[in-house]
Amino acid sequence: MALITTTPGIQSRARLAGYDPEILKNACILVVGAGALGQNVAMNLALSGVGELRIVDGDVFEDHNRSRSPLHPRRGSYLPAERLPKASCVGRELRQIHIDEAPNIRVADTWIEELGLGAFDDVDVIAACVDSLVARAYLARTAMLCNLPIVDGGFSGANLGMGVYPRSGEPRDAPCWSCTGPSLPGAFSCEHYARYAQAAGVVPAIQAGAAALGGMCTEAAMNLLHEREPVARRVAFDLRSGTSRAFHPQPDPVCASAHRRLPRALEVELSSSATAAELLSRLDEPGARLFLPDVYVERANCPTPDCLATCEVGAPAHRWQRDARCVECGGPWERSGRQIASPDMIDAGLTLEDGQSGLTLRRLGIRPGDVVEVVGVREHAAIRIAGGPADLYLPAEELASRDGSVTS
C-alpha cells in the first residue's frame with residue numbers, strides 16, 4: 001500500500017468533517033465501471049485520499065463520452081489511437097489528481113466477470129458503477145459470497161438511484177441488490193447500451209446526474225469504510241425536482257434462499273493454465289465434481305431469428321451472453337460445421353471422466369486467485385488457484401511511463 005506523502009494539513013478539513021485519513025489511506029476500493037458515474041466516484045475517492053483504487057472496465061471511450069467524462073483523456077496529451085480503453089485512461093488521469101504523490105492505482109481493461117474472485121482480494125468496498133444488469137447481479141452475488149460491503153448506483157437522465165449494502169452476519173437475513181429486482185435497464189458497453197436506450201426510449205446519463213450520484217455513492221463508500229452504514233438502504237432522487245425516497249430493503253425469500261458465503265478456501269499450487277483434470281487429480285476425493293464460476297458453453301445457436309446457426313463458443317456463458325450473434329450476423333462467434341438443437345454446456349459440475357476435463361482452467365473461466373468449489377463424497381471444499389491481484393491488474397504508474405501511450 002502506498003504511503004501518503006503530502007503534508008498533514010491537506011486532510012485537515014476531512015478530519016473536521018468526521019473522516020479518518022488513516023482509514024482512508026489504508027483502504028482499497030474496487031470501482032467497477034469507468035463510465036460517467038465510475039469516473040465521478042473514482043475522482044472523489046482520489047481527492048479524499050483513498051490509498052488504493054482499482055478500476056475495472058472492458059469498454060472504450062467514444063465521442064459522446066466526452067461531455068459526461070471528467071476523466072476523459074485530455075486533448076493533446078495521449079491520444080495516439082481511437083477507441084482508448086476506459087480503465088487505463090481513467091487510471092492514468094487519477095494519478096494526476098490523487099492527493100497522494102505516489103497513489104496505488106490499478107486497472108484492468110476487461111469485464112469484471114473475466115477476473116474471477118481474485119480481483120476482490122484485499123478489497124474493503126465495492127463500488128458498482130455499471131449499466132449492465134448482469135454485471136450488477138454478479139457483483140451482488142460476489143459481495144454476498146465474500147461478505148464485502150457494496151454501494152450500487154444507476155440513473156436514467158435526472159432520476160438517480162443508489163443502494164448501500166454493508167457487511168452482514170447470516171447471509172440469508174441480509175438483502176442484496178438482486179432482492180429488490182432490477183430497477184434500470186442495462187447492457188454490456190456504451191455501444192450496446194446506446195443501441196438499447198435508443199430503441200427503448202431510455203434517457204442516457206447526463207453529467208449533472210453523474211456528478212450528483214457520484215457524490216452520493218462516494219459518501220456511502222466512505223461511510224462503509226467508517227462502519228457508519230449499519231443496515232442496507234436504497235435511495236431514489238429526482239435531480240430536477242429535488243424530491244427523494246429512501247427505504248430499507250428486506251431480503252426476498254426466493255433470492256435469500258440462495259444467499260451464502262464461500263467456505264474457507266484451500267490454496268493449491270496450480271496456475272490457471274493447468275487443466276481441470278490436473279486440479280481434480282490433486283484431490284483425494286473419489287467422484288469429485290468441480291463447479292465452475294460460470295456455465296461453460298461449448299456450442300450454442302445464434303439468436304437472430306432468421307439465422308439460428310450453431311456457433312463454436314468454447315467460453316464461459318457471460319462472454320456468450322455479451323453478444324450471442326454469429327460472425328455473419330455481426331457478432332464474434334464462428335459458425336460450427338454441425339447443427340445442434342440445444343446448447344452444449346457444462347452447468348452441473350465437471351468430473352475427471354468428462355471429456356472437457358482436459359480444458360485449461362483459464363478457458364473454463366478460472367483466473368489467477370480465483371476460488372472454485374469441489375463437491376465429493378466426503379466433503380465440500382473451496383479451492384483457491386495460485387495468483388491474485390498482481391496477476392490481474394496493471395499498475396497505473398506503468399501507464400504513466402509509456403511516453404504518452406495507453407494499451408488495452
Side-chain angles (χ1 to χ4, degrees), residues 29-42 54-59 86-87 108 110-117 119-120 123 125-156 159-166 168 171 174-190 192-194 196-197 200 202 204-205 209-210 213-214 216-218 220-221 224 229 232-237 247 249-252 254-256 258-259 293-295 316-323:
I29 294 184
L30 169 61
V31 181
V32 184
L37 176 58
Q39 289 176 55
N40 278 278
V41 170
R54 299 179 186 175
I55 313 297
V56 177
D57 198 316
D59 208 354
K86 285 183 178 177
T110 189
W111 309 109
I112 186 62
E113 299 96 326
E114 295 286 344
L115 297 180
L117 293 184
F120 299 85
V123 167
V125 174
I126 302 168
C129 305
V130 295
D131 56 24
S132 161
L133 299 184
V134 176
R136 284 185 176 186
Y138 170 78
L139 289 170
R141 184 170 66 252
T142 300
M144 187 66 71
L145 277 174
C146 302
N147 200 15
L148 290 173
I150 181 171
V151 55
D152 172 273
F155 42 64
S156 176
N159 297 310
L160 318 179
M162 181 183 72
V164 186
Y165 305 91
S168 61
C176 74
W177 174 83
S178 297
C179 285
T180 50
S183 56
L184 292 173
F188 282 94
S189 70
C190 280
H192 288 285
Y193 181 73
Y196 172 90
V202 175
L213 184 58
M216 294 166 59
C217 289
T218 303
L224 288 167
E229 296 279 358
R233 64 185 175 99
R234 288 183 66 86
V235 179
F237 185 78
F247 67 95
Q250 299 300 313
D252 177 83
V254 175
C255 184
H259 291 178
D294 194 3
V295 173
H318 66 261
R319 294 184 199 166
W320 168 254
Q321 292 167 344
R322 193 168 298 132
D323 189 348

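- In terms of heavy atoms, V41 sits closest to A127 at CG1-CB, 4.3 Å.
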Please lay out, stage by stage, how H318 and E114 fare under the test side-chain contact (heavy atoms from CB on, under 4.5 Å).
-> CA-CA 9 Å; H318 66 261; E114 295 286 344; 3.0 Å; yes
Take W111 and R322 through the side-chain contact (heavy atoms from CB on, under 4.5 Å) test and state the conclusion after the steps.
-> CA-CA 10 Å; W111 309 109; R322 193 168 298 132; 2.8 Å; yes
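- Rounding to the nearest 0.5 angstrom, the gap separating the SG atom in C179 from the CZ atom in R234 is 10.5 Å.
- The structure places SG of C129 at 8.5 Å from CD1 of I55, a figure rounded to the nearest 0.5 Å.
- A pairwise comparison of heavy atoms in V125 and V123 identifies O-CG1, 3.3 Å as the closest pair.
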Verdict with supporting geometry, E113 and D294, side-chain contact (heavy atoms from CB on, under 4.5 Å) | CA-CA 9 Å; E113 299 96 326; D294 194 3; over 6 Å; no
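- At a threshold of 4.5 Å between non-hydrogen side-chain atoms, the residues L213 and N40 do not count as touching.
- With sequence neighbours left out, the salt bridge (charged side-chain N to carboxylate O under 4.0 Å, His left out) criterion links R141 to no other residue.
- Taking every heavy atom of both residues into account, A119 and I112 meet most closely at CB-CD1, 4.4 Å.
- Scanning all heavy atoms of the two residues, the minimum distance from A174 to P251 falls at O-CB, 3.7 Å.
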Please walk me through it: do L160 and M162 pass side-chain contact (heavy atoms from CB on, under 4.5 Å)?
-> CA-CA 7 Å; L160 318 179; M162 181 183 72; over 6 Å; no
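- The side-chain heavy atoms of Y165 and P249, taken from C-beta on, include a pair separated by under 4.5 Å.
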Would you tabulate the side-chain donor-acceptor contacts of residues 143-155 under 3.5 Å, counting partners in other chains and residues two or more places apart, or write 'none'?
{"unit_1": "N147", "atom_1": "OD1", "unit_2": "S168", "atom_2": "N", "d": "3.1"}
{"unit_1": "N147", "atom_1": "OD1", "unit_2": "R261", "atom_2": "NH2", "d": "3.1"}
{"unit_1": "N147", "atom_1": "ND2", "unit_2": "S168", "atom_2": "O", "d": "3.3"}

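- Looking at D57, its side chain does come within 3.5 Å of a backbone N or O of A34 through a donor-acceptor pair.
- The structure places CG of L30 at 7.5 Å from CG of L139, a figure rounded to the nearest 0.5 Å.
- No side-chain heavy atom of P316 sits under 4.5 Å from any side-chain heavy atom of P293.
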